[in-house]
Number of protein chains: 2
Amino acid sequence: MNPLLDQRSNSVKMTFMTSRRTDALSRERIVEATIQILDTAGESGLTLRAVTAHLATGRGAIYHHVTNKDELLAAAADGVISQVVAAAAGGDDPRGSIRALALGIFEAIDARPWVGVQLSREPFQPAVLQIWKAVGVSLSALGVGGTALADAGSALVNYVLGAAGQHAAGARRAPDGAARKEFLDGLAAEWARQDSDPLVQESAALLREHDDRAQFLAGVNIFLAGIFSSEAIAAVRRDASD
Amino acid sequence: MNPLLDQRSNSVKMTFMTSRRTDALSRERIVEATIQILDTAGESGLTLRAVTAHLATGRGAIYHHVTNKDELLAAAADGVISQVVAAAAGGDDPRGSIRALALGIFEAIDARPWVGVQLSREPFQPAVLQIWKAVGVSLSALGVGGTALADAGSALVNYVLGAAGQHAAGARRAPDGAARKEFLDGLAAEWARQDSDPLVQESAALLREHDDRAQFLAGVNIFLAGIFSSEAIAAVRRDASD
DNA sequence: ACCTGAACACCGTTCAAGT
DNA sequence: ACCTGAACACCGTTCAAGT
């Protein structure tokens with residue numbers, strides 16, 4: 001009746017065969033279950049009760065491996081972002097790496113809106129630190145250092161996280177393409193109705209046909225351009241003061 | 001004491017005397033109570049029970065004027081952002097307006113972390129639309145238009161919202177300067193301990209003495225530089241293809 | 001029409017009791 | 001040490017009943 005309990009009774013530490021339905025509870029298994037629940041039921045579907053049901057265990061058991069529901073969400077996001085960062089790492093083109101990282105994050109969030117919400121929630125969670133470090137490595141390889149690196153890194157990371165949060169909220173509200181189209185059309189109509197300012201009218205028209213992904217990448221390019229034009233100006237200033 | 005209250009008494013349509021303990025419930029009064037609760041008790045202190053206690057009314061009364069707790073939060077954030085946008089509007093220097101707007105948002109969030117959290121939560125809430133429009137007007141005045149305006153606006157707004165969310169989360173965790181210093185010192189020590197990579201070591205050192213506000217403004221400048229270098233490149237391309 | 005407040009259907013977290 | 005599950009102290013939201 002309860003396969004999990006049966007498995008648990010013949011658990012052996014040294015075995016090299018690891019089946020999916022492995023025995024004892026562990027942080028890893030809990031996080032894995034958390035990701036599954038988030039993917040299928042969304043953020044509002046993540047309850048401690050859902051996690052314990054999924055793992056066929058008691059309520060309090062979770063708290064032996066994890067201190068908080070928040071820690072659970074942070075760990076789940078970290079699991080997803082780890083893979084994105086690893087996939088974008090390396091290569092001999094730091095600008096390309098930055099674009100690949102940004103795009104990877106965008107796509108991970110497009111597929112799993114809950115990651116975007118979580119990333120924009122807490123500044124020093126593991127997933128965000130990973131992103132900071134990857135951005136730092138690439139910028140450093142491009143010759144940016146010191147305070148300029150901190151400023152540039154902060155700009156890029158905050159931009160990516162901001163877009164992440166906004167896109168995630170949109171994706172949550174309108175999951176598929178059709179719902180999204182309908183939502184944007186309705187919103188554009190609303191804008192156009194509320195405000196006759198030509199700028200708003202034009203924005204409403206653009207809103208209907210805009211591509212989130214392309215717009216996101218355009219933003220990354222703007223920041224990259226800004227970083228190097230700032231760098232160039234700073235270099236000129238340094239030369240001038242020598 | 002509460003600028004919103006003052007603002008409201010000026011904006012009340014036909015009367016010039018508005019007492020605090022006015023009789024009937026209204027959306028306005030409910031939002032006002034919401035802001036007060038958020039300011040004094042933080043986001044976790046905002047419960048429907050707290051709102052009804054504050055207004056000395058029954059639980060369900062709120063739902064005659066507001067559909068949701070979410071709408072309450074969005075309306076509260078909109079009230080705060082309205083003032084920021086109004087204060088930063090006008091002037092004949094669009095770049096200055098953009099910096100003033102960004103800084104105004106930063107400072108509003110520094111004073112009221114809950115605003116930052118709320119802004120980064122929902123892409124098409126009233127407060128965010130106000131920011132979009134103000135940014136659009138300034139960029140437009142700088143001669144940016146069409147898709148470039150949408151891209152640039154999106155980049156700036158997402159950057160501001162991202163930084164807003166991250167800074168708000170930090171401000172919530174460490175409200176005063178001393179707590180903040182202690183927190184950053186601890187975090188820097190943690191980074192330095194975990195990773196011997198020289199880049200991380202340097203970042204940890206920078207982290208301890210970095211100024212969130214200056215870093216935020218540096219990001220705005222990077223963005224502005226990026227827009228005009230992108231614009232310049234696009235212009236060159238247009239010329240070349242003619 | 002507006003308000004009341006009890007009731008409903010949930011939460012996250014704790015903790016004595018078990019193995 | 002790890003797990004169980006009832007109990008606790010909350011939530012947001014609804015709705016029959018009042019004015």
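In what follows, every chain begins at residue 1, and chains take the letters A, B, ... in the order their sequences are listed.
For the residue pair A:Gln130 and A:Asp78, a side-chain donor N or O sits within less than 3.5 Å of a side-chain acceptor on the partner. For the residue pair A:Gln36 and A:Glu32, no side-chain donor N or O sits within less than 3.5 Å of a side-chain acceptor on the partner.
Not less than 6.0 angstrom separates the ring centroid of A:Tyr159 from the ring centroid of B:Phe223. Residues B:His167 and B:Phe216 place their aromatic rings such that the two centres sit no closer than 6.0 Å.
Base pairing in DNA chain D yields stems of at least 3 consecutive Watson-Crick or G-U pairs, both distances under 3.5 Å, namely C:4-8 with D:12-16, C:12-16 with D:4-8.
Note on A:Asp70 versus A:Arg121: no salt bridge recorded, every NZ/NE/NH1/NH2 to OD/OE distance being 4.0 Å or above.
Proximity of A:Leu187 to A:Arg208: side-chain heavy atoms (C-beta onward) are nowhere separated by under 4.5 Å.
Screening B:Arg173, B:Arg172, B:Gln166 for a side chain to side chain donor-acceptor pair (under 3.5 Å) with A:Glu122, the sole residue that qualifies is B:Arg173.
Under 4.0 angstrom from either OP1 or OP2 of C:dC3 there lies at least one side-chain N or O belonging to B:His65.
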Counting primed atoms, P, OP1 and OP2 as sugar-phosphate and everything else as base, the B/S/- map of nucleotides 8-13 of chain D against protein heavy atoms under 4.0 Å is ---BBB
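Regarding B:Arg27, its CZ atom lies at a distance of 15 Å from the P atom of C:dC2, rounded to whole Å.
Shown for residues 114-127 of chain A: no residue has heavy atoms falling under 4.0 angstrom of DNA chain D.
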Begin from the C-alpha positions of B:Ile35 and B:Trp114 and carry the test side-chain contact (heavy atoms from CB on, under 4.5 Å) through to its verdict. CA-CA 10 Å; B:Ile35 293 179; B:Trp114 59 269; 4.2 Å; yes
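Atom CD of A:Glu107 has more than 12 neighbouring heavy atoms from other residues, nucleotides or ligands inside a 6.0 Å radius. Taking a 6.0 Å sphere around CD of B:Glu182, one finds it holds 12 or fewer heavy atoms contributed by other residues, nucleotides or ligands.
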